[in-house]
Amino acid sequence: MSQSDSDKGKQQGGGARAGEGRSAGRPATSGQSDKITARTEDFAAWYQDVIRQGDLAEAAEVVKGAMVIKPHGYAIWEKIQADLDRRFKETGHKNAYFPLLIPESFLRREAEHVEGFSPELAVVTIGGGKTLEEPYVIRPTSETIIGHFFARWIESWRDLPLLINQWANVVRWELRTRLFLRTTEFLWQEGHTAHATAEEARAETLRMLGVYADFAESVMAMPVIQGRKTQAEKFAGAVHSFAIEAMMQNGLALQAGTSHDLGQNFGKAFNVRFQNKDKELDYVWQTSWGVSTRLIGGLIMSHSDDQGLVLPPRLAPIHVVIVPIYRSDEERAAVLEQAQRLATDLRAQRLAGQALSVEVDDREGYKPGFKYFHWEQRGVPLRLELGPRDLAAGQAVCKRRDAAAKQTLPLAGLPERVLAELEAMQRELLDRARQRLREHTVLANSFEELAAILEPASAEQGGGKFVMVHLKDDAACDAKIKELKASVRCLPLVDAHDGPGKCIITGEPVAQRAVVAKAY
RNA sequence: CGGGGUGUAGCGCAGUCUGGUUAGCGCGCCUGCUUUGGGAGCAGGAUGUCGGAGGUUCGAAUCCUCUCACCCCGACCA
């Protein structure tokens, strides 16, 4: 531990190492980027390097723990938003917007909620130069203020279910931040619904969890485990919390989305009542669910490699880049003309209903090799190289971002072939991630066995594992797991293992195994 | 909040211990020419409140005092 501490300090501080390594261009034949740390060397440094070289974001160093999402990173967020928003609309939700500032007293109405969020609140105490009578908190989440308005909007069973979603920013005063994974301010969506019965609310909670899981797998190519959080890990104010858990390339877990069954907790706190068909007044049953810009962190750590970002085609802002190669002006004119024609044909193709986004990199003064690296670092799924030799032969050279080798393809029928490659890449990224998840999931039948698997060293070397253990849902058991610097990630909704067993800590019988892992 | 570290050009750093020309180096950037099938070469050029304030001194990036910010490690978290 102390060894890695001092190494970090050196790199951060007076270390000339990083600077030297990045100065002179390495021979192009080395195949290893000189600007990106290898995953096996230092996974955290690799992650930062991929973000920098991929031009996704940077730390907003003037605001503690905040980040600037740069255009390329924001374009990915926009793709995520567009797809999720469509799914929310299809499930009957409507978008709305509630205030950023929430009266402090609102937070206090729900005891668990205020206890959970107090440590990370940013509070506004002065407005217009005057001390406010009641401070406002900057929303860490919106259950309270939405509860307040739901109480005004809901009168009868005819107003239910009420299905609302909000796209917003939130602020949580985090002590330790990492780009995308945990920042003081982040972007997310928060769904908030109100229902007439507990069963309906529970069904909604699970329905939206399923929406997240399907999105993660089919669009992000990131396999997830759907599960219930332990009572110790649940959202402050929820009856039950559910999550999708993904595994990063180093074997660490990432909670990629959450869905909460709030029961009547907020209904009671904010007096959200409705008159049912029996003319009785009852509190509504609520849910809330969210995913955030953290998904981009998960995306990076799921697929990217030592050359930089790798994007699944369905989330790539640019699907195909065409790099023209030429010497003379005559060659340039001929190659560019063919490149533009090809781009036009490619744009007529549709991937998951969306027209292909194609860019011709006709910048002058950069050699082709420079452009290859440029777009590879940004994760563009497919590159086409087009030069005089190709024109003469009626072909193009094709390089898939996730493949080692180039292939030569005839121009005739190329758009269809490109589309097929993109579809294959989307599929194969998911397959590879699934295989990784499978291979790094193991069983343990005792605390000692679990501890051995989760040994600090093995996780730091990229050997993180999901360990399936029988464990009682009890705060004391969660605490015991924390001693291993790991946590109970979830109790899977689908038990893919061997059913009931005895808790490895208490020895009591439990219904199924839980996922235990080190996590972000 | 505890422990550690760093603030010098857009980025990465040297210079600080031992005060003294015009504060350097690499990358990047700008201009020109030659290049262009895997990170181009040469020539020329622009860019600094040395984190801030105060002090010591003939003289401060360098010494002293105070202060601010950020980063890393831990306890908390989408």
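Lettering of chains follows the sequences in order, A, B, ..., and the numbering in each one begins at 1.
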Where at least one partner belongs to residues 332-343 of chain A, residue pairs that pass salt bridge (charged side-chain N to carboxylate O under 4.0 Å, His left out), sequence neighbours excluded: A:R332-A:E364, A:E337-A:R341
Aromatic ring of A:F186 stacked on base six-ring of B:A78, 5.5 Å, 30°: yes
Check: B:G38 base within 3.5 Å donor-acceptor of A:Q307 side chain: no
Distance-only donor-acceptor test (3.5 Å): side chain A:R327, base B:G37: no
Touch class at under 4.0 angstrom, heavy-atom based, for A:V170 against every strand present: nothing
Sugar-phosphate only, base, or nothing, as touched by A:K406 at under 4.0 Å among non-hydrogen atoms: base
d(CH2, A:W173; P, B:C1) in whole Å: 13 Å
Sugar-phosphate, base or nothing in reach of A:Q255, heavy atoms under 4.0 Å: sugar-phosphate
Integer-rounded Å distance: B:A78 C1' and A:E185 CD: 14 Å
Taking every non-hydrogen atom, the tightest pair across A:S142 and A:E190: OG-OE2, 2.7 Å
All side chain to side chain donor-acceptor pair (under 3.5 Å) counterparts of A:R363, not counting sequence neighbours: A:D361
C1' gap between B:A60 and B:C17, integer Å: 15 Å
